[in-house]
Amino acid sequence: MTRTWRMLGLPALLAAAVAAAPAVAQDKEKLTDSQKLEEIQKQLADIQRALVALYNVPTKLGDAETNLARAQKDINDLKEQTSRLQRDLEELRRQVGATTRIAGFPPTGGTGRIRLMNTYTTPMSIRINDRVYRLEPGQTQVLEAQPAGPFTYEVMGVQPPVSRVLGANETYTIYVYPR
C-alpha cells in the first residue's frame, strides 16, 4: 500500500512543479535573483509540505484499517452475543411452557395483584417465586402487575411452598395469622 502512495506522490510532485513553473516564468523578468531564489524556496517548501502529507496518508490509512478491523470485531462480538441471548430466551420460553403444561395450568396473559397481609404478632417473610418479602406485624403490601398464571408461595418457617394460580385482573390474598 505504501508503494502505491509513493508512486502517486511522484506524479503529484511533478504536477505541482509544472503548475508553479508558469507563475515563475511570467514574473521572471521583473524579479531580482534573490527574489527568484526566495520564490523557488517557497515553492520547494510547499512541495515538501505536500510530500509530507502524501507520506502520512498510508499511516492514516493504516490507522483507519486498524480501527475498521476493531469495529468489525466488535460488531461480530455483538452479533454473537445477540444470537446467544436469543437462544437463551428461546430456551427459557420452552422451559416456562413446559413447566406450565406439567403443572396442568394453561398459559395465560395479563397481570393481577398479590396482596400480602401479616396479622401475626411478629415480623414474617413470604417467598413468592423465589423472591422474599418481609412484613412487619399488621403490615399489608400489594404486589402490582404480577404475571397471571401459576405461582408458588411459602410463609417462611410456618408454611411449606404452595402452588396457586393468579388470574388476569384478579387479586390473590395471602394471610399470615397465628394458628
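Contact detail for Ser125 and Arg134: the closest heavy-atom pair is OG-NH1, 4.0 Å. Residues Leu135 and Leu116 come closest through the heavy atom pair CD2-O, 3.5 Å. Shortest non-hydrogen contact noted between Thr152 and Ser163 is OG1-OG, 3.5 Å. Residue Val165 comes nearest to Phe151 through the heavy atom pair C-CE2, 4.0 Å, listed as atom of the first residue, atom of the second, then distance. Heavy-atom minimum distance, Gly110 versus Ala168: CA-CB, 4.3 Å.
For residues 125-147, no pair satisfies ring-ring contact (aromatic ring centres under 6.0 Å, His included), with sequence neighbours left out. Among residue pairs with one or both ends in residues 81-92, those qualifying as salt bridge (Lys or Arg N to Asp or Glu O under 4.0 Å) are Glu80-Arg84, Glu90-Arg93, Glu91-Arg94; sequence neighbours excluded. The side-chain hydrogen bond (donor to acceptor under 3.5 Å, both in side chains) pairs that include a residue from residues 167-178 are Arg113-Thr171, Arg115-Thr173, Arg164-Tyr172, where partners are two or more places apart or lie in different chains. Residue pairs that meet the salt bridge (Lys or Arg N to Asp or Glu O under 4.0 Å) test with at least one member in residues 43-54, sequence neighbours left out, are Asp46-Arg49.
For Tyr120, there are no ring-ring contact (aromatic ring centres under 6.0 Å, His included) partners at least two apart in sequence or on another chain. For Ser34, the side-chain hydrogen bond (donor to acceptor under 3.5 Å, both in side chains) test picks out Thr32, with sequence neighbours left out. In this structure Gln86 satisfies the side chain to side chain contact (heavy atoms under 4.5 Å, CB included) test together with Thr82, sequence neighbours excluded. By the salt bridge (charged side-chain N to carboxylate O under 4.0 Å, His left out) test, Lys73 pairs with Asp77, sequence neighbours left out. Judged as a side-chain hydrogen bond (donor to acceptor under 3.5 Å, both in side chains), and not counting sequence neighbours, the contacts of Asn67 are Arg70.
Here the straight-line distance linking atom CE of Met124 with atom CD of Gln159 works out to 10.0 Å at 0.5 Å rounding. Rounding to the nearest 0.5 Å gives a distance of 10.5 Å between CD1 of Ile126 and CD of Glu154.
Using a 4.5 Å cut-off between side-chain heavy atoms of Ile, Leu, Val, Met, Phe, Trp and Tyr, with links allowed through other members, Leu44 and Leu37 fall into different hydrophobic clusters.
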**Asked** Can you list the steps and then say if Ile174 with Met117 is a side chain to side chain contact (heavy atoms under 4.5 Å, CB included)?
**Response** CA-CA 6 Å; Ile174 300 172; Met117 296 179 70; over 6 Å; no
**Request:** For side chain to side chain contact (heavy atoms under 4.5 Å, CB included), just list the numbers for Leu166 and Ile114, CA-CA rounded to whole Å, side-chain angles, deciding distance to a tenth of an Å, and then say yes or no.
**Result:** CA-CA 8 Å; Leu166 177 64; Ile114 298 176; 4.0 Å; yes
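Other residues sharing a hydrophobic cluster with Leu85 under the 4.5 Å side-chain heavy-atom criterion for ILVMFWY residues do not exist; the residue is a singleton. Grouping Ile, Leu, Val, Met, Phe, Trp and Tyr residues whose side-chain heavy atoms lie under 4.5 Å apart, directly or via other members, places Val132 in a hydrophobic cluster with Met156.
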List, one per line, each side-chain donor-acceptor pair under 3.5 Å for residues 139-148, sequence neighbours excluded.
unit_1	atom_1	unit_2	atom_2	d
Gln139	OE1	Glu136	N	2.8
Gln146	NE2	Glu144	O	3.2

